[in-house]
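Report on the structure given below.
Only a predicted model underlies this, so the values are computations on that prediction, with no experimental measurement involved.
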Amino acid sequence: EEGTVAPATAPAPPETPAASARPEIPQAEKDDPETKKLLGTAETQLDSALEENPTWLLLSQEASKKFDIPVSTLFSIARFESRFEATATLGEVTGLGQFWGPTWEAFMTENPEFKGASRSDPRASFYAIALYARKNATECKIDVSAPNAAQLLYQAHHNGAGGYLA
């Protein structure tokens with residue numbers, strides 16, 4: 001049509017939901033063959049988890065915003081703790097974040113909106129992961145914007161702040 005100017009470049013394809021939940025990996029690490037293999041597995045698991053549970057991205061974004069922890073960090077912790085299984089149980093720990101009963105009770109006490117929530121509740125789990133990531137970042141002096149923050153926050157999540165600092 002006359003007077004219409006075509007765009008110089010085609011618009012970028014929309015980002016997949018899983019892409020926004022992926023942690024940023026330095027190029028040098030991406031080039032390592034073992035890292036490539038692990039990243040491929042992690043991306044496949046994340047894609048599958050979000051396909052099966054499309055609300056998880058929104059739930060994690062809410063928690064991310066409230067506690068100022070990147071969505072990618074929340075998904076990294078959930079992947080390593082439970083392989084994205086909301087009902088995962090290993091001994092005494094349960095849920096996406098694999099929380100112990102006393103830790104979960106403390107979370108619910110501190111966050112009354114989750115009073116009575118199951119550790120298998122994805123919304124509550126993402127909030128709990130984000131809350132404890134924020135507490136661990138503060139106590140362990142972890143910069144949540146650092147390139148290795150997800151790894152450090154996972155270690156603090158898994159070992160507790162005391163174990164991380166030991």
Side-chain angles (χ1 to χ4, degrees), residues 15-26 29 38-39 41-43 45-166:
E15 189 174 85
T16 63
S20 65
R22 290 190 179 111
E24 187 61 35
I25 309 293
E29 288 183 37
L38 290 172
L39 287 174
T41 300
E43 288 179 1
Q45 289 174 340
L46 178 58
D47 289 343
S48 294
L50 289 175
E51 187 175 303
E52 292 171 19
N53 306 283
T55 61
W56 284 10
L57 187 58
L58 179 60
L59 299 176
S60 64
Q61 288 169 334
E62 290 173 7
S64 169
K65 184 176 179 180
K66 180 170 182 171
F67 296 105
D68 193 29
I69 298 294
V71 169
S72 59
T73 297
L74 302 180
F75 277 101
S76 292
I77 291 171
R79 178 185 179 265
F80 283 108
E81 285 294 321
S82 66
R83 297 280 190 251
F84 300 123
E85 291 291 332
T87 59
T89 299
L90 181 62
E92 305 271 331
V93 297
T94 299
L96 287 170
Q98 293 290 280
F99 288 102
W100 293 93
T103 305
W104 193 254
E105 291 297 324
F107 164 72
M108 289 190 300
T109 298
E110 203 170 320
N111 296 273
E113 72 182 281
F114 293 107
K115 189 73 177 156
S118 163
R119 288 179 279 172
S120 297
D121 176 322
R123 181 171 182 262
S125 287
F126 280 119
Y127 270 72
I129 292 168
L131 168 70
Y132 287 108
R134 170 52 50 205
K135 287 181 172 201
N136 288 331
T138 301
E139 189 171 338
C140 301
K141 299 183 181 4
I142 298 170
D143 176 359
V144 300
S145 64
N148 64 339
Q151 175 186 357
L152 300 177
L153 288 169
Y154 165 71
Q155 290 170 351
H157 177 91
H158 186 78
N159 299 317
Y164 176 86
L165 293 170

- prompt: Ser48 side chain to Gln45 main-chain N or O, any donor-acceptor pair under 3.5 Å?
  reply: no
Note, Cys140 side chain near Leu152 side chain (heavy atom, < 4.5 Å): no
message: Ring of Tyr127, cation from Arg123 - is the NZ or CZ under 6.0 Å from the centre and inside 45° of the axis?
response: yes
ring-ring contact (aromatic ring centres under 6.0 Å, His included) involving Tyr164 - partner list, sequence neighbours excluded: none
message: Using side-chain heavy atoms (C-beta onward) and a distance below 4.5 Å, is Tyr154 in contact with Glu81?
response: yes
- prompt: Are any non-hydrogen side-chain atoms of Pro122 and Thr55 less than 4.5 angstrom apart?
  reply: no
message: Can you tell me how far apart OG (Ser76) and CD1 (Ile129) are? Round to the nearest 0.5 Å.
response: 10.5 Å
statement: Looking only at heavy atoms, the pair that brings Ala63 and Leu74 closest together is CB-CD1, 4.2 Å
- prompt: Less than 4.5 Å apart, any side-chain heavy atom of Phe126 and any of Lys66?
  reply: no
message: Has Asp143 got a side-chain atom pairing as donor or acceptor with Ser145's backbone, closer than 3.5 angstrom?
response: yes
task: Taking the side chain as every heavy atom from C-beta outward, state whether Asn111 and Leu131 have any pair of such atoms under 4.5 Å apart.
output: yes
message: Under a 3.5 Å distance rule, please check whether His157 uses its side chain to pair with a backbone N or O of Tyr132 as donor and acceptor.
response: no
field: Residues, nucleotides or ligands: over 12 heavy atoms within 6.0 Å of Glu92 CD
entry: no
- prompt: Where do Ala133 and Leu153 come nearest, in terms of heavy atoms and distance?
  reply: O-CD2, 3.5 Å
Nearest heavy atoms of Ala161 and Asn136, plus distance in Å: CB-OD1, 3.6 Å
task: Could you tell me which non-hydrogen atom of Ser82 sits nearest to which non-hydrogen atom of Leu96, and how far apart they are?
output: OG-O, 3.0 Å
- prompt: With a 4.5 Å heavy-atom cut-off, do Met108 and Arg119 have their side chains touching?
  reply: no
query: Does the side chain to side chain contact (heavy atoms under 4.5 Å, CB included) test come out yes or no for Phe107 and Thr103, once each step is laid out?
result: CA-CA 6 Å; Phe107 164 72; Thr103 305; 5.8 Å; no
- request: Using modelled atom types only, decide if a donor and an acceptor are shared between the side chain of Arg79 and the backbone of Leu46 within a distance under 3.5 Å.
  value: no
statement: In terms of heavy-atom contacts, Asp121 and Ala117 come closest through OD2-CB, 4.4 Å
query: When the ring planes of Trp104 and Phe99 are compared, do they come out parallel, tilted or perpendicular, using 30° and 60° as the limits?
result: tilted
message: Donor-acceptor check, side chain of Thr73 to backbone of Ile69, threshold 3.5 angstrom: yes or no?
response: no
statement: When every non-hydrogen atom of Arg134 is compared with those of Asp68, the smallest separation belongs to NH2-O, 2.7 Å
- prompt: Does some side-chain heavy atom of Leu57 sit less than 4.5 Å from a side-chain heavy atom of Gln61?
  reply: yes
task: State, yes or no, whether a side-chain contact exists between Gln155 and Gln151 at a heavy-atom distance under 4.5 Å.
output: yes
